[in-house]
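These notes concern the structure reproduced below.
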Amino acid sequence: MVKIGVLALQGAVSEHVRSIEACGAEAIAVKSRSDLALVDGLILPGGESTTMRKLIDRFDMLVHLQQFAAKGKPMFGTCAGLILLANKLVGYEFAHIAALDATVERNSFGRQVDSFETTIEIKNVAVDFPAVFIRAPHIVEVGDNVEVLASHGGRIVIARQENILGCSFHPELTDDHQITAYFMEMVKESLAKKANV
Ligand code: GLN
């Protein structure tokens with residue numbers, strides 16, 4: 001069975017676990033470097049990126065998360081998770097895991113009161129996905145190797161660069177598991193590639 005981890009330091013962890021299990025994979029809460037070694041792919045949940053970064057540093061996981069991505073293992077960041085993945089953040093001099101060649105702006109869809117839900121078409125994934133935005137970031141710009149899968153109101157909200165997937169919104173808060181299933185296919189592809197080398 002494919003093993004998908006959810007970084008479980010802070011944020012919407014149990015919702016992702018539920019979605020992974022609904023897709024027929026094993027979900028593992030990743031709280032340490034040794035947990036990370038057990039999984040074939042990793043989801044970085046929504047929550048608060050600054051808090052998550054502090055905890056990543058406290059548990060000495062940053063380099064290990066960077067290596068996980070560099071080895072070609074799939075990572076999927078939702079909302080705060082997207083912020084952790086981006087290699088440039090508007091208004092900040094530093095990035096976090098920096099595995100996705102994209103510039104991300106935090107809280108760019110407004111404050112908590114401006115949270116909203118809308119239906120979007122996502123290339124190769126879904127024609128009418130219910131996207132929930134909560135103090136969401138958006139992708140301002142992507143590098144040449146990054147494929148934009150959907151935009152909303154002229155802003156990029158989900159993009160993929162090989163083994164890295166990032167989205168602004170919260171698929172785990174709905175009962176639509178199509179994005180999780182798409183990520184699971186990415187994980188299966190990476191395992192098949194590994195088996196062939
Ligand atoms: N605004 C949060 C941050 O900057 C992200 C919000 C979310 O994950 N729902 O980390």
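Numbering of ligands and ligand atoms starts at 1, following listing order. Note that the coordinates shown come from a computational prediction; the quantities given were computed from them, not determined experimentally.
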Just which atoms of ligand 1 are under 4.0 Å from any heavy atom in [X]?
X: Arg106; result: 3 (C), 4 (O), 10 (O)
X: Gly46; result: 8 (O)
X: Ile83; result: 3 (C), 4 (O), 10 (O)
X: Ser49; result: 3 (C), 4 (O), 10 (O)

Return yes or no for this condition: an N or O of [X] is under 3.5 Å from an N or O of ligand 1.
X: Gly47; answer: yes
X: Thr50; answer: no
X: Ala80; answer: yes
X: Cys79; answer: no
X: Thr78; answer: no

### Query
Looking only at heavy atoms, is any part of Met52 under 4.0 Å from ligand 1, and if so is it the side chain, the backbone, or both, or is it neither?
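It is neither; nothing of Met52 touches ligand 1.
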
### Message
Heavy atoms only, cut-off 4.0 Å: how does Glu48 contact ligand 1, side chain, backbone, both, or neither?
### Response
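Contact part for Glu48 vs ligand 1: both backbone and side chain.
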
Looking at [Y] and [X], is any side-chain nitrogen of the basic one under 4.0 Å from a carboxylate oxygen of the acidic one?
X: Lys194; Y: Glu189; answer: no
X: Arg155; Y: Glu105; answer: no
X: Glu15; Y: Arg18; answer: no

### Query
Do you know which two heavy atoms are closest between Asp101 and Gln161, and how far apart they sit?
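Asp101 and Gln161 have their closest heavy atoms at N-OE1, 2.7 Å.
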
### Nearest non-hydrogen protein atom, atom 1 (N) of ligand 1
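Ranking protein heavy atoms by distance from atom 1 (N) of ligand 1, first comes Asn107 OD1, 2.6 Å.
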
### Task
Taking the six-membered ring for Trp and the full ring for Phe, Tyr or His, determine whether the centres of Phe116 and His152 are under 6.0 Å apart.
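Ring-ring flag for Phe116/His152: true, centres closer than 6.0 Å.
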
### Query
Does the ring of Phe59 carry Arg33 above it, NZ/CZ under 6.0 angstrom from centre and within 45° of its axis?
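Judged by the rule, Arg33 and Phe59 form no cation-pi pair.
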
### Query
Roughly how far, to the nearest 0.5 Å, is NE2 of His96 from CG of Asp57?
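Interatomic distance, Asp57 CG to His96 NE2, rounded to 0.5 Å: 9.5 Å.
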
### Message
Can you see whether His138 engages Ser168 through a side-chain donor-acceptor pair at a distance of less than 3.5 angstrom?
### Response
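No, because no side-chain N or O of His138 sits under 3.5 Å from a partner of the opposite role on Ser168.
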
